[in-house]
Amino acid sequence: MEYLLFLFIGIIGNVIGTLVGGGGLITLPTMMLMGVPVHSAIGANKVSNMVSAFSSFYTIYKRKELAWSEMRPVLLVSLIGGTLGGLFASFMSSQALTLIAIILLGFALMMSFMGGADFGDKELFMMNRKNGSILLGVGFYDGMFGPGSSTLALYTYAHEKISYIKAVGLSRVGVFAMCSGAAITYIATGKIEWPLTLILMVGSTIGAQIGIVLARKVNANQVKLLLRIVTIVLIVQLVYDFIQQL
């Protein structure tokens with residue numbers, strides 16, 4: 001019964017995570033409520049996200065909706081940002097990290113109402129100093145803390161006016177890169193509970209593929225609404241966590 005629940009939360013978390021980010025809001029709290037140690041829960045989440053993210057962006061890449069020339073710089077800046085963020089996290093308190101997350105997500109939500117954060121139909125994503133710096137910052141934030149990093153990346157791609165399906169693919173490329181370093185660390189230090197992780201990995205991969213199918217069916221207004229809802233839920237959860245830490 002426990003494994004069935006892990007399978008289910010993996011599916012649901014990654015359907016939402018693939019569409020608009022924020023899937024960790026479902027998987028992590030549920031695992032910890034069930035008594036999974038925090039490091040094992042985070043490790044399982046990182047490993048399953050790495051595998052499911054690869055499966056989703058590879059599916060989009062196979063259909064020629066994403067080019068290697070677009071993926072390569074995103075992989076690089078996400079990996080560098082995630083690694084630096086992980087190293088920097090040890091110098092900051094969890095309270096400070098939570099406050100940074102609230103400010104970043106609040107700013108992203110505000111910008112979505114001010115216009116500009118609408119997906120378009122640009123055929124190719126070109127990394128430049130501005131969006132590259134932002135994505136490096138998103139990777140840094142993910143390595144440092146994490147909740148909402150995919151959502152922040154999607155806002156960035158929306159401002160670049162690329163198609164939603166391409167934005168989903170690129171955000172999953174980023175998740176794969178950011179989770180890879182952390183997953184390897186958790187595996188190397190023996191923090192992984194493999195039966196739990198493998199079940200969550202299967203559910204996450206199924207959820208990611210369902211998310212890709214749904215991503216092709218939703219329209220721009222539905223995506224914008226979903227992004228805002230998930231962003232608000234993330235902010236509420238983080239404000240609650242911040243108050244608990246006072």
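For the numbers below, each heavy atom of this structure counts, side chains included, while hydrogens, waters and symmetry mates do not.
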Open item on the list: Is there a side-chain contact (heavy atoms from CB on, under 4.5 Å) between Ile187 and Trp194? Walk through the geometry before answering.
Closed with: CA-CA 10 Å; Ile187 292 168; Trp194 281 110; 4.0 Å; yes
Open item on the list: Taking the six-membered ring of Phe113 as reference, does the cationic atom of Arg228 (NZ for Lys, CZ for Arg) lie under 6.0 Å from its centre and within 45° of its axis?
Closed with: yes
TODO: Nearest 0.5 Å please: distance from the CG atom of Leu75 over to the OG atom of Ser180.
DONE: 8.5 Å
Open item on the list: Counting C-beta onward and ignoring hydrogens, is there a side-chain heavy-atom pair between Met31 and Leu196 closer than 4.5 Å?
Closed with: yes
- [ ] To the nearest 0.5 Å, tell me how far Arg216 CZ sits from Leu214 CG.
- [x] 10.5 Å
Task: Heavy-atom side-chain proximity of Tyr164 to Tyr157 below 4.5 angstrom - done: no
Task: Heavy-atom donor-acceptor pair, Glu70 side chain to Ala67 backbone, under 3.5 Å - done: yes
Open item on the list: Looking only at the side chains, is there a donor atom on one of Thr231 and Tyr155 sitting less than 3.5 Å from an acceptor on the other?
Closed with: yes
Task: Within one Ile-Leu-Val-Met-Phe-Trp-Tyr cluster: Ile12 and Val51, side-chain cutoff 4.5 Å - done: yes
Task: Tyr186 and its side chain to side chain contact (heavy atoms under 4.5 Å, CB included) partner, picked from Asn45, Ile192, Val47 - done: Ile192
- [ ] State the CG-CD distance between Leu170 and Glu65, to the nearest 0.5 angstrom.
- [x] 11.5 Å
Task: Straight-line distance of Leu28 CG to Ile9 CD1, nearest 0.5 Å - done: 8.5 Å
Open item on the list: Using side-chain contact (heavy atoms from CB on, under 4.5 Å), reason through Ile165 and Arg63 one step at a time and then give a plain yes or no.
Closed with: CA-CA 11 Å; Ile165 193 67; Arg63 294 186 61 149; over 6 Å; no
- [ ] Taking all non-hydrogen atoms of both residues into account, name the closest pair between Leu104 and Leu152 and its distance.
- [x] O-CD2, 3.8 Å
Open item on the list: Does the plane of the ring in Phe54 sit parallel, tilted or perpendicular to the ring in Phe176? Use 30° and 60° as the thresholds.
Closed with: tilted
TODO: Check whether any side-chain heavy atom of Val168 lies under 4.5 Å from a side-chain heavy atom of Phe57, and answer yes or no.
DONE: no
Open item on the list: Using every non-hydrogen atom in the two residues, find where Ile210 and Ile11 come nearest and quote the distance to one decimal.
Closed with: CD1-CG2, 4.1 Å
TODO: Check whether any side-chain N or O of Asn128 sits under 3.5 Å from a backbone N or O of Ser133 as a donor-acceptor pair, and report yes or no.
DONE: no
Open item on the list: With rounding to the nearest 0.5 angstrom, report the SG to CG distance, Cys179 to Asn49.
Closed with: 4.5 Å
TODO: Check the side chains of Ser52 and Asn14 for a donor-acceptor pair under 3.5 angstrom, ignoring hydrogens and angles.
DONE: yes
Task: Minimum heavy-atom distance Ser78-Gly174, with the two atoms named - done: OG-CA, 3.5 Å
- [ ] Verify whether one side chain among Gln209 and Ser56 offers a donor that lies under 3.5 Å from an acceptor in the other.
- [x] no
Task: Common cluster, Leu198/Ile184, ILVMFWY with side-chain heavy-atom separation under 4.5 Å - done: no
Task: Val175 versus Ser150, closest heavy-atom pair with distance - done: CG2-OG, 3.0 Å
Task: pair Ile235-Tyr240: side-chain heavy atoms closer than 4.5 Å - done: no
Open item on the list: Pair Leu154, Ser171 - check side-chain contact (heavy atoms from CB on, under 4.5 Å), show working.
Closed with: CA-CA 6 Å; Leu154 282 168; Ser171 74; 4.1 Å; yes
TODO: Supply the atom-to-atom distance Thr27 OG1 to Phe8 CZ, rounded to the nearest 0.5 angstrom.
DONE: 13.0 Å
Task: Non-hydrogen side-chain atoms of Lys122 and Ser163 separated by less than 4.5 Å - done: no
Open item on the list: Between Lys166 and Glu123, does any side-chain N to carboxylate O distance fall below 4.0 Å?
Closed with: no
- [ ] Show the numbers, then the answer: is there a side-chain contact (heavy atoms from CB on, under 4.5 Å) between Tyr61 and Val173?
- [x] CA-CA 10 Å; Tyr61 174 69; Val173 169; over 6 Å; no
TODO: Locate the shortest heavy-atom distance separating Gly148 from Leu105; write the atom from each residue and the value.
DONE: O-CD2, 4.2 Å
Open item on the list: Just checking Met34: does its CE atom have more than 12 heavy atoms from other residues, nucleotides or ligands closer to it than 6.0 angstrom?
Closed with: yes
TODO: Using a 4.5 Å cut-off on heavy atoms from C-beta on, say whether the side chain of Gln222 contacts that of Asn219.
DONE: yes
TODO: Could you tell me whether the side chain of Val230 reaches within less than 4.5 Å of the side chain of Leu234, counting heavy atoms only?
DONE: yes
Open item on the list: Donor-acceptor pair, distance only, cut-off 3.5 Å: does the side chain of Ser40 make one with the backbone of Val36?
Closed with: no
Open item on the list: With no hydrogens and no angle check, just 3.5 Å: does a side-chain donor-acceptor pair link Gln237 and Asp241?
Closed with: yes
Task: Val202 and Leu7, any side-chain heavy atoms less than 4.5 Å apart - done: yes
Open item on the list: Please tell me whether Phe140 and Phe88 form a close aromatic pair, meaning their ring centres lie under 6.0 Å apart.
Closed with: yes
TODO: Search all heavy atoms of Gly139 against all heavy atoms of Met178 and return the closest pair with its distance.
DONE: CA-SD, 3.3 Å
Task: Phe242 CZ: over 12 foreign heavy atoms closer than 6.0 Å - done: yes
